[in-house]
Amino acid sequence: MSAKPILTVGSIAIDWLEVPDGRKGEVIGGSATYFTMSAGRFSPVHVVGVVGSDFPQQGMDIYHEYAANTVDLQTKDGDTFRWGGRYHADWERRTTLYTELGVFESFSPELSTENRACPFVCLGNIQPALQLSVLNQLENRERLVISDTMNLWIETTRDDLLQVLLKTDILLLNENEAHLLTGVREIVDAANQIRSMGPGTVVVKQGSSGATLVDDSGAVHAGVYPIEKIVDPTGAGDSFAGGFVAALANGRSMKSALVAGSATASFCVEGFGTEGILRLTEETLQARMDVVTDKSEFA
Ligand code: AMP
């Protein structure tokens, strides 16, 4: 594989998921899990994270299969991070039922020497203070930093998040988060305001309406792959990030990465938890990227 290595930090979780026509517990999830499964087939992913002693072997197997490096994946005495979420009938709204930090409460990422030099760093959705801790341990060299976030951090730890943004090259966030961060509803205006906070490039994810990338050259929009039936949208954002960053690590253009992100997320929503991403291969991804490209507006 000629792809460059990607260092990622994020949550590793055991989820409880409620969707309009079903519910399921003990589902392996977390932002790092979805990211690693989506990017790991195409680029070497180096994982920074923590699990508790209750983390099932099935979860570890995912990391051993999809991650190239798990040296900085710690196992601590205690409970794995647990999150419960409920989707509403429109699929657009999600209620967090509970968040139990477990071993995340005292997590302090420690980067081994081999992981300090990765040319791509993806700060997945996790407390901004932990994202900063990873950034501060990196070797002083040229790299691309891609960050993800969520409404919780915009509302509760805004100052830390602003510190992360100052060191971020590309920020991924959804439409509601862009509005929450800036107070601006119009997507391109909000993205440009975020660009003045640090990231040169901002990608605004718009669910079933696709995603818009804004940088120095202006705005481009990618459509979505049409899904017959959404089963569970959990992890769609992290899978988008995985597809997007893996494409960049393979030397693809920003536009191609945007299309790859959108196409990758479409696999995720087709199954419960991580089941949908199991169908992601080079061939199936390319086929969906072709469809998404036809539905995109590139100047
Ligand atoms: P997404 O649907 O892309 O927002 O990602 C869903 C995943 O994020 C789930 O598997 C959760 O375990 C994880 N998650 C939910 N809340 C948090 C949080 N506060 N910090 C880190 N990860 C979280």
Side-chain angles (χ1 to χ4, degrees), residues 8-19 24-39 47-52 54-56 59 62-63 79-88 91-105 107 109 122-131 133-134 146-157 160-161 164 172-177 180 203-208 211 230-245 261-262 264-277:
T8 192
V9 63
S11 57
I12 303 173
I14 301 174
D15 290 340
W16 165 264
L17 306 173
E18 292 187 15
V19 296
K24 205 167 175 181
E26 302 297 305
V27 180
I28 306 296
S31 54
T33 304
Y34 287 102
F35 180 89
T36 303
M37 288 186 74
S38 305
V47 181
V48 182
V50 64
V51 297
D54 59 344
F55 195 59
I62 290 179
Y63 280 92
D79 296 330
T80 300
F81 175 81
R82 283 180 183 259
W83 175 79
R86 176 188 295 144
Y87 293 89
H88 300 261
W91 291 110
E92 297 289 338
R93 285 172 307 127
R94 174 167 90 183
T95 302
T96 289
L97 300 173
Y98 60 83
T99 302
E100 293 168 4
L101 290 179
V103 290
F104 251 108
E105 199 150 11
F107 177 46
C122 184
L123 305 172
N125 177 26
I126 195 175
Q127 287 97 314
L130 296 178
Q131 294 179 318
S133 157
V134 168
I146 302 102
S147 305
D148 202 344
T149 193
M150 73 186 290
N151 50 1
L152 179 66
W153 315 125
I154 299 171
E155 282 166 336
T156 60
T157 57
D160 284 350
L161 177 62
V164 173
L172 307 172
L173 78 181
N174 71 33
E175 209 173 341
N176 292 334
E177 292 156 357
L180 197 61
V203 175
V204 183
K205 295 166 286 179
Q206 300 158 258
S208 56
I230 297 180
V231 175
D232 167 26
T234 308
D238 312 309
S239 304
F240 184 105
F244 179 83
V245 180
S262 177
T264 304
S266 74
F267 288 94
C268 181
V269 305
E270 282 179 326
F272 233 106
T274 56
E275 278 169 9
I277 305 175

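Counting starts at 1 for both ligands and their atoms, in listed order. Just so we're clear, the structure is a prediction, and the values are computed from it rather than from any experiment.
- Partner of Trp83 under the side chain to side chain contact (heavy atoms under 4.5 Å, CB included) criterion, out of Leu97, Val27, Leu101, Thr96: Thr96 alone.
- Between Ile12 and the options Ile126, Ile62, Val51, Val103, a side chain to side chain contact (heavy atoms under 4.5 Å, CB included) holds for only Val51.
- With Cys268 as reference, Ser239 is the one residue of Pro233, Ser38, Ser239 to meet the side chain to side chain contact (heavy atoms under 4.5 Å, CB included) rule.
- The distance criterion of under 3.5 Å between nitrogen or oxygen atoms is met by Gly235 with respect to ligand 1.
- In this view, Ser147 and Leu123, Val145, Val164, Thr168, Leu171 satisfy the side chain to side chain contact (heavy atoms under 4.5 Å, CB included) rule, not counting sequence neighbours.
- Ligand 1 lies out of reach of Phe240, whose nearest heavy atom is not under 4.0 Å from it.
- In terms of protein heavy-atom proximity, atom 8 (O) of ligand 1 is closest to Ser31 N, 4.1 Å.
- Considering only heavy atoms from C-beta on, Leu180 comes within 4.5 Å of Glu155 through its side chain.
- A heavy-atom distance below 4.5 Å is not found between the side chains of Val231 and Val19.
- When each atom of ligand 1 is checked for a heavy atom of Leu152 under 4.0 Å away, the hits are 19 (N).
- In this structure the side chain of Thr264 never reaches within 4.5 angstrom of the side chain of Phe244, judged on heavy atoms.
- Atom numbering of ligand 1 starts at 1 in the shown order; those under 4.0 Å from a heavy atom of Ala13 are 12 (O).
- Inter-residue side-chain proximity for Asp232 and Tyr87 is flagged as met; some heavy-atom pair is nearer than 4.5 Å.
- Closest protein heavy atom to atom 17 (C) of ligand 1: Phe81 CZ, 3.7 Å.
- Protein heavy atom in closest approach to atom 13 (C) of ligand 1: Ser11 OG, 3.8 Å.
- Within the 4.5 Å cutoff, the side chain of Asp148 has no heavy atoms near those of the Ser31 side chain.
- Closest to atom 10 (O) of ligand 1, if we only count protein heavy atoms, is Asp15 OD2, 2.5 Å.
- Per-residue contacts place Asn125 under 4.0 angstrom from the following atoms of ligand 1 (heavy atoms of the residue considered): 21 (C), 22 (N).
- Counting only heavy atoms of the protein, atom 20 (N) of ligand 1 lies nearest to Trp153 CZ2, 3.7 Å.
- Contact atoms of ligand 1 toward Gly29: 10 (O) (distance under 4.0 Å to a heavy atom of the residue).
- Of the N or O atoms in Asp238, one or more lie within a sub-3.5 Å distance of an N or O in ligand 1.
- The ligand atoms of ligand 1 that sit less than 4.0 angstrom from a heavy atom of Thr234 are 2 (O), 6 (C), 9 (C), 10 (O).
- By the 4.0 Å heavy-atom criterion, Phe104 is excluded from the residues contacting ligand 1.
- At under 3.5 Å, a nitrogen or oxygen of Gly30, whether backbone or side chain, sits near a nitrogen or oxygen of ligand 1.
- The side-chain hydrogen bond (donor to acceptor under 3.5 Å, both in side chains) check on Glu275 picks up Lys24, with sequence neighbours excluded.
- In this structure, Met150 counts as a contact residue of ligand 1, since one of its heavy atoms falls inside 4.0 Å of the ligand.
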Checklist entry - Would Glu26 and Arg82 count as a salt bridge (charged side-chain N to carboxylate O under 4.0 Å, His left out) if you check the C-alpha gap in whole Å, the side-chain angles of each, and the deciding distance to 0.1 Å? => result CA-CA 9 Å; Glu26 302 297 305; Arg82 283 180 183 259; 2.9 Å; yes
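- For atom 4 (O) of ligand 1, the nearest non-hydrogen atom of the protein is Arg94 NH2, 3.0 Å.
- Under the 3.5 Å distance criterion, with hydrogens and angles disregarded, a donor-acceptor pair is assigned to the side chains of Trp153 and Asn125.
- Every atom of ligand 1 with a heavy atom of Tyr34 under 4.0 Å away is listed here by number and element: 10 (O).
- Residue-ligand proximity: Arg82 is placed with every non-hydrogen atom at 4.0 Å or more from ligand 1.
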